[in-house]
2 protein chains.
Amino acid sequence: MKINTKHARESARDYALRVLKENILSLDLVPGSAISENELAAQLGISRTPVREAIIELSKAYLIETYPQRGSFISLIDPKMVGEARFLRRITDTAVIETACDEADEEGIRQLEENVTLQEFYLSKGITDKIFDLDNQFHKAIYDIAGKDIIYEIHSTLMLHFDRVRTLSVETVKDFKVVGDHRKMLEAIKARDKVTAVELVNKHLNRYQIDEKEIRSQRPEYFKAEGGNRGEES
Amino acid sequence: MKINTKHARESARDYALRVLKENILSLDLVPGSAISENELAAQLGISRTPVREAIIELSKAYLIETYPQRGSFISLIDPKMVGEARFLRRITDTAVIETACDEADEEGIRQLEENVTLQEFYLSKGITDKIFDLDNQFHKAIYDIAGKDIIYEIHSTLMLHFDRVRTLSVETVKDFKVVGDHRKMLEAIKARDKVTAVELVNKHLNRYQIDEKEIRSQRPEYFKAEGGNRGEES
DNA sequence: AGTAGTGTACTTGTATACTAGAATATCTTT
DNA sequence: AAAGATATTCTAGTATACAAGTACACTACT
């Protein structure tokens, strides 16, 4: 588990939450592994209370499973959860990009331009680390343009189910067609072409679905059994 | 504030969370009013810790606003929040009812039938208290049929922004056309008629938008200033 | 050797103590 | 009387103590 330092005005709870999210996303916290409130508190140099509060929040998003008096565990990648997250992302992204086509002003488009330019720059240089963050920022910018920033934030934790798979996708597939997708989306928004924009979003999200099958065969131990007895253990 | 008794195997945290949600929904906790962790803990007969954990969860959903060392307050009804919640509900409900048209089996339809029959029964008897719960159960049943139960649960707390307005709607408008909407939705699902189903959902949700303006004029003190300086206070 | 039983070392859930800061009332000073 | 300083009393944030239950290893007995 990788532990970054605590920011200046960051509360202990936000610190614990940030570290946990980062490590779940990067899979440094391996799906299925146990996490101890006491141990994590010691590692972060804070007390159990804020650590516990962070764990509770992630439990609400099904990223951690807590069993009273037994322990807390990083959730396995659950195809049903990933599927629901993708479903939700698909319908929300498409509706939001339609709104963005209507609402986009010069400033919004400039921000998207800057972002995509950077993605293309880093891709050409082979610095792929940055693209993941830029990808998220690109989508957040579209939500901001559409005036749906709360929805983005509410969904962001849930989308970690999805983003975790993307992390593996980047590791294994090394496919950056997504940057081209973003360029095309931007052009569609500039042209206020809703039909094309929605098509692009759907195509964009289909990429990850294809990846998932490949990843699953490579790392079966990270995944929950498909269609198996959900939540039950012997 | 109305305080129901604690259930048998319910944790202190879940108890606090349930009581808070019930009172926010019913507006017995008035928008803008202060809530004290200590006071609430005393009223519920539990300690501050689980109360605090419940408050944190509701803060994450913007139903409570917490200012460190100053206090926590029930959020005013924020037109932007309600708007985003309605937007999210509209796109999610429409996508889910389409899926439900495809996936509905006999058992699912039977459950919807039972629910709508009860709604019609209570409406004819004038027992309108029950209809609110049945309404929610009806929509949850559609999500279950579509295999999107996690999405329903994730959104349920956020939808309190919306449901709060519905509470006022029931109080002031006394309009139960919604029961007829539900009957028609059920028939559309039985006929697997996606186009009609989606139309009905949109029409259904439009009702609340109309109500909101009327309510706002009656209870302006519950609402945040529209388009005003968001989040700022003098 | 095998098995029942017990103790120990964990876990999370809850309660309480302490810290730091904000708001307000009161007292002092001008 | 008015204004400024100060003490008190709130608040939430964090740390720690205690309670209850699980899992497992070890012991003792058959």
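Each chain gets a letter, A, B and so on, in the order the sequences are listed, and its residues count up from 1.
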Can you see which heavy atom on Thr94(A) is nearest to which on Arg90(A), and at what distance? OG1-O, 2.9 Å
Does a donor on one side chain sit under 3.5 Å from an acceptor on the other, for Ser36(B) and Asn38(B)? no
Between Arg18(A) and Asp14(A), is there a salt bridge with N-O shorter than 4.0 Å? no
Just the rounded figure in Å: distance from P of dT11(C) to CG of Asn38(A). 6 Å
Verify whether the ring centers belonging to His155(B) and His139(B) lie closer than 6.0 Å. no
Heavy atoms from C-beta onward define the side chain here; which of dA15(D), dA15(C), dA17(D) lies closest to that of Pro50(A)? dA15(D)
Mind calculating the distance between CD (Glu37(A)) and C1' (dA17(D)) to the nearest angstrom? 15 Å
In whole angstroms, how far is the P atom of dG13(C) from the CG atom of Asp14(B)? 10 Å
Which nucleotide wins on minimum distance to the side chain of Ser36(A), given the candidates dT14(C), dT12(C), dA22(C)? dT12(C)
Contact under 4.0 Å: Ser47(B) side-chain N or O vs dA15(C) OP1/OP2: yes
Tyr67(A) OH to dA23(D) P, straight-line distance once rounded to whole Å: 12 Å
Side-chain N,O (Arg70(B)) to OP1/OP2 (dC10(D)) below 4.0 Å: no
Both Thr49(A) and Gln69(A) contact DNA chain C. Taking the nearest nucleotide for each, which residue is further toward the 5' end? Gln69(A)
Residue whose closest nucleotide on DNA chain D lies nearer the 5' end, Pro68(A) versus Arg52(B): Arg52(B)
Residues forming a salt bridge (Lys or Arg N to Asp or Glu O under 4.0 Å) with Arg164(B), sequence neighbours excluded: none
Let me know the distance between CD1 of Ile46(B) and C1' of dA19(D), rounded to the nearest Å. 16 Å
When we call it a touch if two heavy atoms are under 4.0 Å apart, what does Ile56(B) touch: a base, just sugar-phosphate, or nothing? nothing
Whichever of Arg13(A) and Gly71(B) has the more 5' nearest nucleotide on DNA chain D, that residue is Gly71(B)
Touch check for Ile55(A), heavy atoms < 4.0 angstrom, all strands: base, sugar-phosphate only, or nothing? nothing
Glu39(A) CD - dT12(C) P separation (whole Å): 10 Å
Provide, to the nearest angstrom, the distance between the CZ atom belonging to Arg48(B) and the C1' atom belonging to dG13(D). 8 Å
For Leu40(A) and dT11(C), what is the distance between atoms CG and P respectively, to the nearest whole Å? 12 Å
